[in-house]
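Letters go in sequence order (proteins before strands), and every chain restarts at 1.
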Number of protein chains: 2
Amino acid sequence: MPARHDIVRDGERPTDSTVLLEGFACRYKLLSGGRRQILAFLIPGDICDLQLLVMDSMDHSVATLTPCRVASFPRKTIDHLCELSPALLRRLWRETVLDAAIHREWIASLGRRSPYERVAHLFCELTHRLQAIGAVREGRFEFPMTQADLGDAVGLSVVHVNRTLQQMRADGLITLRANVLTILDEARLKAAARFSGDFLGAGVAVAPEQG
Amino acid sequence: MPARHDIVRDGERPTDSTVLLEGFACRYKLLSGGRRQILAFLIPGDICDLQLLVMDSMDHSVATLTPCRVASFPRKTIDHLCELSPALLRRLWRETVLDAAIHREWIASLGRRSPYERVAHLFCELTHRLQAIGAVREGRFEFPMTQADLGDAVGLSVVHVNRTLQQMRADGLITLRANVLTILDEARLKAAARFSGDFLGAGVAVAPEQG
DNA sequence: CGAATACTTGATTACCTTCAATACGCGTGG
DNA sequence: CCACGCGTATTGAAGGTAATCAAGTATTCG
C-alpha cells in the first residue's frame with residue numbers, strides 16, 4: 001500500500017479488518033475549513049479498525065504515512081474466533097483500553113502542556129512503543145512524519161513546530177534528519193516532557209486475576 | 001459520596017469497581033506545576049474504573065463534581081461474570097470503544113477547534129449523552145461544573161471561558177445560571193460546534209453480526 | 001450575616017499564528 | 001551531469017488571540 005493513502009475512511013464499514021504489518025500510519029479527523037487533527041500514530045502490530053467489532057462505523061479515518069505492508073481479513077472471522085475464545089476478546093478489549101489511555105495522554109498534552117512538552121512527550125511515547133516492537137536502534141528510529149503532520153498531531157502551526165524542533169536540537173535532546181529521529185538524551189527528554197510511561201502500562205494477564 | 005471527592009486515584013488498583021448512579025463526576029490528570037486536565041465527564045450509568053479489568057492500575061483519577069450516589073462491587077465478580085458471558089464482555093468492551101471515541105472528539109477539539117467551538121461541542125456532547133439517560137427536560141439540564149472545571153476540560157483559562165460563555169449568551173445559544181444549562185437553540189449550537197453525534201453512534205448488536 | 005467561592009470585567013503581556021519569502025533536498029528529465 | 005521543479009524545511013516580520021494580572025461583584029453556604 002502506497003504512502004499517503006487512506007486505509008479506512010470516516011463513516012465507512014468495510015467487511016474486512018486491517019492490521020498494520022510494516023510502516024507508519026495515522027488516525028485523523030477532518031474538520032470544517034480544511035482543518036485536520038491527527039488522533040494517533042499507528043505502528044506495526046496495530047489494528048486499524050478494531051472498533052468496528054462493536055460499533056456501526058468508523059468515527060475517523062486512517063491513512064498511511066509511509067508505504068505500508070498490511071494484512072486484511074474478514075471481520076466475521078475474528079467475530080467467530082471471539083465467540084470461541086473469550087481470551088481473545090479480552091485481548092482485543094485490552095488493546096482498546098490502551099488506545100484510550102494514549103488518547104487521554106494526548107488530551108492532557110493538547111490541553112495543558114506547553115508546545116515543547118507536547119512534542120517531547122510525543123517523542124517519548126513513540127520511542128516507548130517502538131522499543132516494544134524492536135524498531136529502535138541506539139536511540140534512533142524512522143520518523144517519516146512531516147512537520148505539518150506533527151503540527152496536526154500536537155495542535156500547532158507548522159512554523160511553530162519547526163521552531164520547537166530547533167529548540168530541542170539546540171538543547172541537545174534530539175536530531176531529526178532524513179526521516180530519522182535520534183534521541184540524544186533520553187533522560188533529559190523524558191524530564192522535559194514530564195513523561196512517565198505508566199499509561200502504556202504493562203497490562204494484566206489475559207486470564208482473569210484470581211484474587 | 002460528597003462533592004469534590006476522589007473516587008479512584010491515579011496509580012491505584014482498588015479491588016472494588018464503582019458505577020456512578022446519580023450525580024456528575026470527571027476523569028482528570030494532574031500535571032506538574034499544579035496544572036490539571038479534565039479528560040471526560042461521567043454521568044449516571046458510567047463505570048469509573050472499567051480499565052482495571054484488563055490493566056494494572058489507573059492512569060488517571062476520577063472525582064465527583066456533585067454529591068453522588070455510587071454502587072461498588074468486587075471486580076472479581078464481574079470478572080467471573082465475564083467468563084460466563086462473552087456477551088457481557090463484549091458489552092463492556094463496547095463501553096471502552098465509546099469512551100475512546102469521545103476522547104478522540106476531545107483531541108480534535110483541543111487541537112484544532114476554536115474556543116467557541118470547543119465549549120459548544122462539549123455542550124452538544126453532554127446534551128446528547130444526558131438525553132440518552134433522560135436527564136434533559138426542554139433543553140435544560142443540571143450543569144454543576146464551575147468555569148474553572150470547564151477551562152480545565154477545554155484547555156482554556158477561566159477568564160477566557162467566561163468570555164466565551166458571555167459570547168454564547170449574547171448569541172442567544174444558551175443560558176447558564178444556578179447550575180442549570182439551557183440550550184436555547186440546539187440547531188444553531190450544533191452548527192456553531194460543527195457537531196455531528198455520529199461518534200456517539202448507535203453501536204452494533206451485542207451478538208456478533210451475521211454477515 | 002459573614003466568609004468563601006465563583007463569576008465578571010478591564011488592562012497588559014506573551015505566545016503562537018499567519019503571511020511571505022527564501023533555502024534546501026531529492027528525483028526527474030533534458 | 002546539470003537544470004529544473006516540487007515538496008519540505010527554515011526564517012523574519014506583523015498581527016491577533018488567549019493568558020496573566022488585578023480588582024471588583026455576585027452567590028452560596030455555614
Side-chain angles (χ1 to χ4, degrees), chain A residues 2-5 24 26 31 33-38 63-67 109-120 122 142-171 174-182, chain B residues 2-5 24 26 31 33-38 63-67 109-120 122 142-171 174-182:
Chain A
R4 305 280 160 184
H5 175 266
F24 287 83
C26 69
L31 283 70
R35 293 172 294 182
R36 178 182 67 152
Q37 176 65 41
I38 291 183
T64 60
L65 292 169
T66 61
S109 275
L110 289 163
R112 286 297 181 224
R113 282 198 255 259
S114 72
Y116 196 94
E117 288 175 308
R118 284 183 217 177
V119 347
L122 177 58
E142 199 198 340
F143 190 86
M145 300 83 167
T146 67
Q147 297 186 0
D149 294 332
L150 220 43
D152 285 339
V154 298
L156 297 171
S157 68
V158 193
V159 173
H160 204 70
V161 167
N162 185 281
R163 293 193 167 126
T164 304
L165 289 175
Q166 309 264 353
Q167 190 59 53
M168 294 182 67
R169 287 192 262 244
D171 293 344
I174 60 154
T175 278
L176 177 50
R177 251 179 40 78
N179 289 350
V180 171
L181 178 67
T182 309
Chain B
R4 306 281 160 183
H5 175 266
F24 286 83
C26 69
L31 282 72
R35 294 172 293 182
R36 179 182 66 152
Q37 176 65 41
I38 291 184
T64 59
L65 293 168
T66 62
S109 275
L110 288 163
R112 286 298 183 223
R113 282 198 255 259
S114 72
Y116 196 94
E117 288 175 307
R118 283 184 219 177
V119 348
L122 177 59
E142 199 196 341
F143 189 86
M145 300 83 168
T146 67
Q147 295 186 0
D149 295 331
L150 221 43
D152 284 339
V154 299
L156 297 170
S157 68
V158 193
V159 173
H160 204 72
V161 166
N162 185 282
R163 293 192 166 125
T164 305
L165 289 175
Q166 309 265 354
Q167 189 59 52
M168 294 182 68
R169 286 193 261 245
D171 293 344
I174 61 154
T175 278
L176 176 51
R177 251 178 43 76
N179 288 351
V180 172
L181 179 66
T182 309

Review point. Who are the ring pair (Phe, Tyr, Trp, His ring centres under 6.0 Å) partners of Tyr116(B), not counting sequence neighbours?
Key: none
Point to revise | Heavy-atom pair of closest approach, residues Phe143(A) and Leu181(A) | key: CB-CB, 3.7 Å
Review point. Does dT9(C) have OP1 or OP2 sitting under 4.0 Å from an N or O in the side chain of Gln166(B)?
Key: yes
Revision key, fill the gap. Minimal heavy-atom distance between Arg35(B) and Ser114(A), with the atoms involved, is NH1-N, 4.1 Å
**Study point:** Value in whole Å for how far the C1' atom of dT17(C) lies from CG of Asn162(A)
**Key:** 14 Å
**Study point:** Five-pair end axes of the helix from dC1(C)-dG30(D) to dG30(C)-dC1(D) and the angle they enclose, rounded to 10°
**Key:** 40°
Revision key, fill the gap. Tightest non-hydrogen contact, residues Asn162(B) and Gln147(B), listed as ND2-OE1, 2.9 Å
**Study point:** Separation of Ser109(A) OG from Leu31(B) CG (nearest 0.5 Å)
**Key:** 8.0 Å
Review point. Nearest heavy-atom pair of Pro115(B) and Leu156(B): which atoms, and what distance?
Key: CB-CD1, 3.6 Å
Revision key, fill the gap. Output for pair (Leu150(A) CG, Thr164(A) OG1), nearest 0.5 Å, gives 9.0 Å
Check your understanding: For DNA chain D, what residues of residues 144-156 of chain B have any heavy atom nearer than 4.0 Å?
Key -> Gly155(B), Leu156(B)
Exercise for review: Mind checking Arg112(B) for me? I need base, sugar-phosphate or nothing, with any heavy atom below 4.0 Å counting as a touch.
Suggested key: nothing
Under 3.5 Å, N/O pairs linking protein and nucleotides 18-27 of chain C:
none

Exercise for review: Before giving the answer on side-chain contact (heavy atoms from CB on, under 4.5 Å), spell out for Arg112(A) and Asp152(B) the whole-Å C-alpha distance, their side-chain angles and the decisive distance to 0.1 Å.
Suggested key: CA-CA 8 Å; Arg112(A) 286 297 181 224; Asp152(B) 284 339; 2.9 Å; yes
**Study point:** Straight-line distance of Gln166(B) CD to Arg169(B) CZ, nearest 0.5 Å
**Key:** 5.0 Å
Review point. CD of Gln37(B) to CG of Leu110(B): how many Å apart, nearest 0.5 Å?
Key: 5.5 Å
**Study point:** Stepwise side-chain contact (heavy atoms from CB on, under 4.5 Å) check, Val161(B) with Val119(B)
**Key:** CA-CA 8 Å; Val161(B) 166; Val119(B) 348; 5.9 Å; no
Check your understanding: Under 4.0 Å between a side-chain N/O of Arg169(B) and OP1 or OP2 of dT8(C), yes or no?
Key -> yes
Check your understanding: Can you name the side chain to side chain contact (heavy atoms under 4.5 Å, CB included) partners of Asp149(B), sequence neighbours left out?
Key -> Arg4(B), Arg36(B), Ile38(B), Leu65(B), Met145(B), Thr146(B)
Practice item. Quick one: pull up CG in Asp171(A) and CD in Gln167(A) and give me the separation to the nearest 0.5 Å. Key: 4.5 Å
**Study point:** Heavy-atom contact window of chain B on DNA chain D, given 5' to 3' at under 4.0 Å
**Key:** dA18(D) to dC21(D)
